[in-house]
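Proteins get letters first, then strands, A, B, ... in listed order; numbering begins at 1 in each.
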Protein chains: 2
Amino acid sequence: MANTVNLDQILQDLDATSALEDLQDIIVALRDAFRVDHMVYHWVDSAGDQYGCGTYSDEWRDRYVVQNYHRIDPVIIGCFQRFHPVDWKRLDWSSKAARHFHTEALAYGVGNQGFSIPIRGPNGQFALFTVSHNCEDAIWADFTEAHGRDLILIAHFFNRKALEFEKTRQPEQSRALSPREVDAMTLLAMGYSRAQVADTLSISEHTLRVYIESARFKLGALNTTHAVARAMSRGLIVV
Amino acid sequence: MANTVNLDQILQDLDATSALEDLQDIIVALRDAFRVDHMVYHWVDSAGDQYGCGTYSDEWRDRYVVQNYHRIDPVIIGCFQRFHPVDWKRLDWSSKAARHFHTEALAYGVGNQGFSIPIRGPNGQFALFTVSHNCEDAIWADFTEAHGRDLILIAHFFNRKALEFEKTRQPEQSRALSPREVDAMTLLAMGYSRAQVADTLSISEHTLRVYIESARFKLGALNTTHAVARAMSRGLIVV
DNA sequence: ACCTTCCTCGCTGTTTCTGGGGAGTGGAAA
DNA sequence: TTTCCACTCCCCAGAAACAGCGAGGAAGGT
């Protein structure tokens, strides 16, 4: 596992990429350059409409998707609540589902060591950049220590490219909410009922309803809960 | 404006920081090391409850806060919908409010050039790391070209520290949700009605209601929308 | 073995939300 | 100037969610 990696060259190659498919080739080359078992970029999207590329076996990837493992995968859950890159050992593997997931992952060739970098983009986009390997703890610690920063940059550039290519698919860049709409969504997210929200904002409940409706429309939401969820995941409101 | 910057030393210093106040000293030192006019870290929070540190004058900062400029600042608006670091020249300064904001910023000593890096953390956290300077376009382009990557890493480490210090404020942890509860919350967050969720999960609506109620209880939520919002902000569900 | 948690199903009545109308102001942009 | 958009207010009927009560079986951990 090693050491002489030309970061500049990698990032330049990444920058020069012009098609989504090329990322797969690049990540394989990266895996070889770093001499680790696996390297994966994984754009997580609850809709199941996820994009990813990497060096896991097709069988594992298929199984992961079919079983909806992104819901119990401690790597995803853990990274989602963190900002730091995180070593898999520091995650919570205590639940039964997590342990089962772990043994199965090992059986499918995923390394016993792992290092994952959470990445977040606009509109609540969330992705992971993961390096995995089979080795002892000390060796792995040296590796992450040595290459952590490089991996952050690579992850950043990877996501940049992925966003660039996927941008066309996501025309749903919702209009920004008006201040009043933000207020309404925020208070609703805090558990207030419509009556309470209207009271807090000193407006009639009818007026409030107009805000909720227009927010729902702007966000393409089906109901209030959906609208609040979307507003949150797009970072339009903070609770 | 310059060139010999010891990135390792900077990041180590950042990592060793143990108090929020120290970040202010570090950012001043950084500004001097990079020989630019201003360097600012700005945690943007829609609530107005923002944290920031940097080298802008106190007058400008106060005015910014009082006037709620974060709502019209093209840097914030532009960065919020981007993932790339962005040069200020590429932002949209066309609106009247933006032009007024710009001339005023210049008057308060903000540089005519700027480079801002959006950073996103868990729960929709959003921050900016900005470098600003007074110089010509070509010189500025050289600078951003030369130091863009370093700045990304510095921004990352800055935000890491800021999150670390702020985390202590909100240690609320709740019991984990059961798989079925997660399913229910997730589908509700996706805009499904109770009937649709029950149908999707192939359970009766009555059963579904029990899940929602127990999730609400576990999360300390007042209603379904609140429960979904809390589940999201705690990273228990991914939408 | 016991206790806890999870999963599943049922009833009733009350409160709240939703969707469909409508109308008028003021400010900012084209 | 006209045309947007944000903000404010109003009514009504049907649909949906809420609160509170109940039950039993399966699986896991102490």
On a heavy-atom basis, the closest approach of Val86(A) and Arg90(A) is CG2-CB, 4.2 Å
Taken to the nearest whole Å, NZ/Lys218(B) to P/dT4(C) is 15 Å
From CZ of Arg194(A) across to C1' of dC9(D) the rounded distance in Å is 15 Å
Taken to the nearest whole Å, CZ/Arg216(B) to C1'/dC18(D) is 7 Å
Margin query: Would you call the rings of Phe101(B) and Trp60(B) parallel, tilted or perpendicular, taking 30° and 60° as the class edges?
Written below: tilted
Protein heavy-atom contacts under 4.0 Å, written 5' to 3' over nucleotides 7-13 of chain C as B (base), S (sugar-phosphate only) or - (none), form the string SBBBBB-
Check for me whether Arg120(A) meets the cation-pi criterion with Phe80(A), that is, NZ or CZ under 6.0 Å from the six-membered ring centre and within 45 degrees of the ring axis. yes
Between CD1 of Ile212(A) and P of dA16(D) the distance, given in whole Å, is 18 Å
message: Would you call the rings of His102(B) and Trp93(B) parallel, tilted or perpendicular, taking 30° and 60° as the class edges?
response: tilted
Atom CZ of Phe217(B) and atom C1' of dC18(D) are separated, to the nearest Å, by 17 Å
Check your understanding: Do Asn112(B) side-chain atoms and Leu106(B) backbone N/O form a donor-acceptor pair below 3.5 Å?
Key -> no
Axial cation check for Phe157(A) ring with Arg160(A), 6.0 Å and 45° limits:
yes
Under a 3.5 Å cutoff, is there a donor and acceptor pairing between the side chains of Gln113(B) and Ser132(B)? no
Does a sphere of radius 6.0 Å around OH in Tyr192(A) hold more than 12 heavy atoms from other residues, nucleotides or ligands, not counting ones at 6.0 Å or beyond? no
Whole-Å distance, His226(A) NE2 to dG19(C) P, equals 13 Å
Picking from dT18(C), dA19(D), dC18(D), the nucleotide nearest the side-chain atoms of Thr224(B) would be dC18(D)
Leu177(B) CG to dT5(C) C1', in whole Å, measures 13 Å
Sugar-phosphate, base or nothing in reach of Ser193(A), heavy atoms under 4.0 Å:
sugar-phosphate
Report all interatomic pairs (protein N or O, nucleotide N or O of nucleotides 28-30 of chain C) with separations under 3.5 Å.
none

Out of dT18(C), dA19(D), dC6(C), minimum distance to the side chain of Glu213(B) belongs to dA19(D)
Leu222(B) atom CG is separated from dA17(D) atom P, nearest whole Å, by 18 Å
Contacts of Arg99(A) and Asn223(B) projected onto DNA chain D by closest heavy atom; the upstream (5') one is Asn223(B)
Looking only at heavy atoms, the pair that brings Lys218(B) and Leu177(B) closest together is CD-CD2, 3.9 Å
